[in-house]
Amino acid sequence: MSFGIKPLGSRVVIKKIEAVEKTASGLILTGQAKEVPNMAEVVAVGPGTEDEKIEVSVGDKVIFAQYAGTDVKYDGMDYIIISQRDILAIMA
């Protein structure tokens, strides 16, 4: 799949996973009560550098640092370009 943003170096393009709108019991949450996790799906990865090899792949679900990255709007969608160092974990 070709994606229109090609990150450089050890940067990664991610798309945030939407906040939970319902509880497990079916209650619908208001805008302020929604849990907004710092979870995202990797949509593009850079080639890496000699000092930092890329450890994530397109399609991985990741947890990232709260204030990391640069918000980008592309083709009507919101993405974040983030350094791989700001990715804290890959979700299993």
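The chain is numbered in sequence order, starting from 1. All values below were derived from every heavy atom in this structure, side-chain atoms included, with hydrogens, water molecules and symmetry-related copies excluded.
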Do side-chain atoms of Gln84 reach the backbone of Gly9 as a donor and acceptor pair under 3.5 angstrom?
-> no
Option from Ile80, Val72, Val43 for which side-chain contact (heavy atoms from CB on, under 4.5 Å) with Val13 holds | Val43
CZ on Arg11 to OG1 on Thr49, rounded to 0.5 Å | 10.0 Å
What pair of heavy atoms forms the shortest contact from Phe64 to Ala40, and how long is it?
-> CE2-CB, 3.8 Å
Tyr74 and Tyr79 have their tightest heavy-atom pair at O-CE1, 3.7 Å
side-chain hydrogen bond (donor to acceptor under 3.5 Å, both in side chains) filter on Ser10, not counting sequence neighbours, yields Glu52
For Lys73, the side-chain hydrogen bond (donor to acceptor under 3.5 Å, both in side chains) test, sequence neighbours excluded, returns Asp78
Measuring from Ile5:CD1 to Met77:CE, what's the distance to the nearest 0.5 Å?
-> 11.0 Å
Excluding sequence neighbours, so at least two apart, what forms salt bridge (Lys or Arg N to Asp or Glu O under 4.0 Å) with Lys6?
-> none
How would you list, by chain and number, every residue that makes a side-chain contact (heavy atoms from CB on, under 4.5 Å) with Ile90, sequence neighbours excluded?
-> Val56, Asp60, Val62
Spacing of Ile81 atom CD1 and Asp86 atom CG [to the nearest 0.5 Å] = 13.0 Å
Closest heavy-atom contact between Pro47 and Pro7?
-> CD-O, 3.8 Å
Name the one of Lys16, Lys61, Lys15 that satisfies salt bridge (Lys or Arg N to Asp or Glu O under 4.0 Å) with Glu41?
-> Lys61
